[in-house]
Amino acid sequence: MPLGLIKYGLPGKRRARNPLPSAGRLKPRYDVVIVGAGGHGLAAAYYLARDHGITDVAVLDKGWLGGGNTARNTTIIRSNYLTPEGVRFYDESIRLFRGLSGEFDFNILYSERGHLTLAHTDAALRTMRWRAEVNKHLGVDSEVVDLDGLAQLCPPLNLDRGERFPVLGALHHKPGAIARHDAVAWGYAIAAAQRGVEIHQRTEVTGILTDKGRVTGVATTRGRIACGRVLQAVAGTSPLLAAMAGGRAGGGPRGAGPERPPGGGAGGASPLPIRTVPLQACVTEPLKPFLDPIVVSGSLHVYVSQSARGELVMGGPTDPYELYAQRSTLEFKEGLAAPMLALFPFLAEVRVLRQWAGLADMTPDFSPIMGLTPVRGYYIDAGWGTWGFKATPVCGKRMAETVATGQAPALIEPFALERFAAFRQLGERGAASVGH
Ligand code: FAD
Ligand code: PYC
């Protein structure tokens with residue numbers, strides 16, 4: 001047992017320690033304001049300070065640190081995407097994830113388990129082969145495995161050929177991993193705050209201030225703040241915030257921004273080609289470790305991994321309607337149970353411990369939106385749908401570079417908002433975790 005733990009345990013009186021330095025008072029002006037203290041906003045703040053020496057930064061959140069989608073996600077990390085742009089991008093994230101615990105001196109429980117995407121049809125197998133070829137070409141470890149291979153990689157999986165949708169094979173992606181989501185958010189928050197970044201919780205941005213096409217500040221529930229640069233990193237509420245930056249000024253092509261978000265938004269119609277839908281997940285009671293790899297079935301619309309605590313973390317497709325409510329439903333659980341039991345019949349008696357929902361901001365091509373906007377000094381990090389946790393380190397690092405230099409680096413340039421106007425979409429639907 002570490003000596004520090006014994007020393008901590010012996011004295012009767014223990015003072016609770018908050019490792020996050022206090023943010024102090026909100027100043028009237030900052031160099032950079034980041035809206036959203038989820039993993040993405042916090043990571044961007046950290047890399048702005050660490051890599052670019054920019055520390056006059058306020059991260060504002062209407063709720064609490066890491067309490068949005070970051071707290072609600074199922075933490076699957078992988079780079080087995082379909083487009084070369086996607087594979088390169090997520091692969092850099094995996095490299096960064098591997099070093100985070102050491103960098104923070106804070107264990108984020110990063111655990112590479114391997115990731116299996118099951119194929120139940122010939123068409124699905126074809127997509128797996130395609131993904132494997134693109135991945136290998138770019139140095140990413142993905143292979144199609146047959147039933148014998150699957151039986152070795154995941155012995156508890158039901159491979160009975162008599163099933164209604166029998167498993168035919170799978171894409172095996174060795175680097176597939178999970179991590180502790182709140183540890184990632186807190187790790188970035190503490191490391192950023194130690195470098196001088198201020199994190200102000202319960203501070204909602206209610207307006208974006210602009211002058212002659214340039215951002216000049218933000219209006220908040222605690223008053224106005226002047227600043228030269230704003231980064232929006234609000235995931236599920238991206239269209240609402242972008243609308244505050246001014247009507248179509250967010251850059252969406254005419255006709256591509258599909259609908260006004262519920263409740264409007266100060267700037268009116270959404271400038272982003274994004275629809276927001278709930279995404280639900282649940283965990284079971286803890287079980288002895290039996291499931292090493294992460295298992296996903298795109299055709300059956302379910303996925304599962306076993307956490308360090310032994311809980312099975314499970315999810316399904318997005319809800320089939322647009323909604324800004326984080327409620328969970330019985331229909332979700334019912335829809336999950338049947339396919340999950342087809343894959344692991346012995347789980348029939350296992351109890352679900354809790355369930356929840358988050359908000360997925362879905363783009364038409366299932367790729368994110370990162371980079372500049374037509375409002376000068378206003379930068380966007382959005383469109384993370386169901387896939388953004390795994391991008392936290394790389395997006396934070398590359399968006400920090402974008403904010404610091406005023407230019408998007410080559411790695412994220414293909415994800416620019418203007419791709420929708422230029423018909424340069426990056427189709428990643430075939431690599432989405434389940435059929436969303
Ligand atoms: P968030 O963590 O949502 O942070 C945004 C913050 O902005 C919030 O804290 C919010 O309070 C704040 N905010 C919003 N509006 C304002 C405002 N006006 N003023 C101030 N603050 C504001 N991704 C994966 O890669 N792998 C997965 O396995 C995975 N599973 C998922 C499962 C579920 C059930 C859900 C819902 C999502 C999943 N995702 C997954 C997606 C992932 O959770 C998100 O893409 C990611 O967390 C986005 O991080 P973020 O920091 O951008 O956003
Ligand atoms: O991006 O791999 C993923 C994922 C799994 C569940 C939700 N998203």
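Counting convention: from 1, in listed order, for ligands and their atoms alike.
The residue from Arg429, Arg419, Arg424 that alone fulfils the side-chain hydrogen bond (donor to acceptor under 3.5 Å, both in side chains) condition with Asp365 is Arg419.
Note on ring orientation: taking the six-membered ring where Trp is involved, the planes of Tyr81 and Tyr90 are parallel (angle under 30°, cut-offs 30° and 60°).
Between Ser307 and Arg309, the side chains place no donor N or O within less than 3.5 Å of an acceptor N or O (distance only, hydrogens not considered). No side-chain donor-acceptor contact under 3.5 Å links Gln425 and Ser367.
Side-chain contact check for Pro273 versus Leu417: some heavy-atom pair is nearer than 4.5 Å.
Salt-bridge formation is not detected for the pair Arg88/Glu85: no Lys NZ or Arg NE/NH1/NH2 atom is positioned less than 4.0 Å from an Asp or Glu carboxylate oxygen. Electrostatic pairing of Arg398 and Glu92 counts as a salt bridge here, judged by a charged N lying under 4.0 Å from a carboxylate O.
Residue contact check for ligand 2: His115 places no non-hydrogen atom closer than 4.0 Å to it.
On a distance-only criterion, Trp387 and ligand 2 share no N/O pair closer than 3.5 Å.
The side chain of Tyr303, and not its backbone, has at least one atom closer than 4.0 Å to an atom of ligand 2 (non-hydrogen atoms only; side chain from C-beta on).
Taking every heavy atom of Ile76 and a limit of under 4.0 angstrom, the matching atoms of ligand 2 come to 2 (O), 5 (C).
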* Would Ile77 and Phe97 satisfy side-chain contact (heavy atoms from CB on, under 4.5 Å), going step by step from the backbone distance to the final call? -> CA-CA 9 Å; Ile77 298 162; Phe97 261 117; 3.7 Å; yes
Quick one: table the atom pairs, ligand 1 N or O against protein N or O, below 3.5 Å, distance rounded to 0.1 Å.
unit_1	atom_1	unit_2	atom_2	d
ligand 1	2 (O)	Asn69	N	3.3
ligand 1	2 (O)	Thr70	N	2.8
ligand 1	2 (O)	Thr70	OG1	2.5
ligand 1	3 (O)	Asn69	N	2.8
ligand 1	3 (O)	Asn69	ND2	3.3
ligand 1	9 (O)	Asp61	OD1	3.3
ligand 1	9 (O)	Asp61	OD2	2.6
ligand 1	11 (O)	Asp61	OD1	2.7
ligand 1	15 (N)	Thr237	OG1	3.3
ligand 1	18 (N)	Val205	O	3.0
ligand 1	19 (N)	Val205	N	2.9
ligand 1	21 (N)	Lys62	N	3.0
ligand 1	23 (N)	Thr386	O	3.2
ligand 1	23 (N)	Gly388	N	3.3
ligand 1	23 (N)	Phe389	N	3.2
ligand 1	25 (O)	Ile76	O	3.4
ligand 1	25 (O)	Trp387	O	3.1
ligand 1	25 (O)	Phe389	N	3.0
ligand 1	25 (O)	Lys390	N	2.9
ligand 1	25 (O)	Lys390	NZ	2.9
ligand 1	26 (N)	Ile76	O	3.0
ligand 1	28 (O)	Thr74	OG1	2.8
ligand 1	28 (O)	Thr75	N	3.3
ligand 1	28 (O)	Ile76	N	2.9
ligand 1	30 (N)	Thr74	N	3.1
ligand 1	30 (N)	Thr74	OG1	2.8
ligand 1	39 (N)	Thr386	O	3.4
ligand 1	43 (O)	Asn69	O	3.2
ligand 1	45 (O)	Trp384	O	3.4
ligand 1	45 (O)	Gly388	N	3.0
ligand 1	47 (O)	Thr70	N	3.3
ligand 1	51 (O)	Gly39	N	3.1
ligand 1	51 (O)	His40	N	2.9

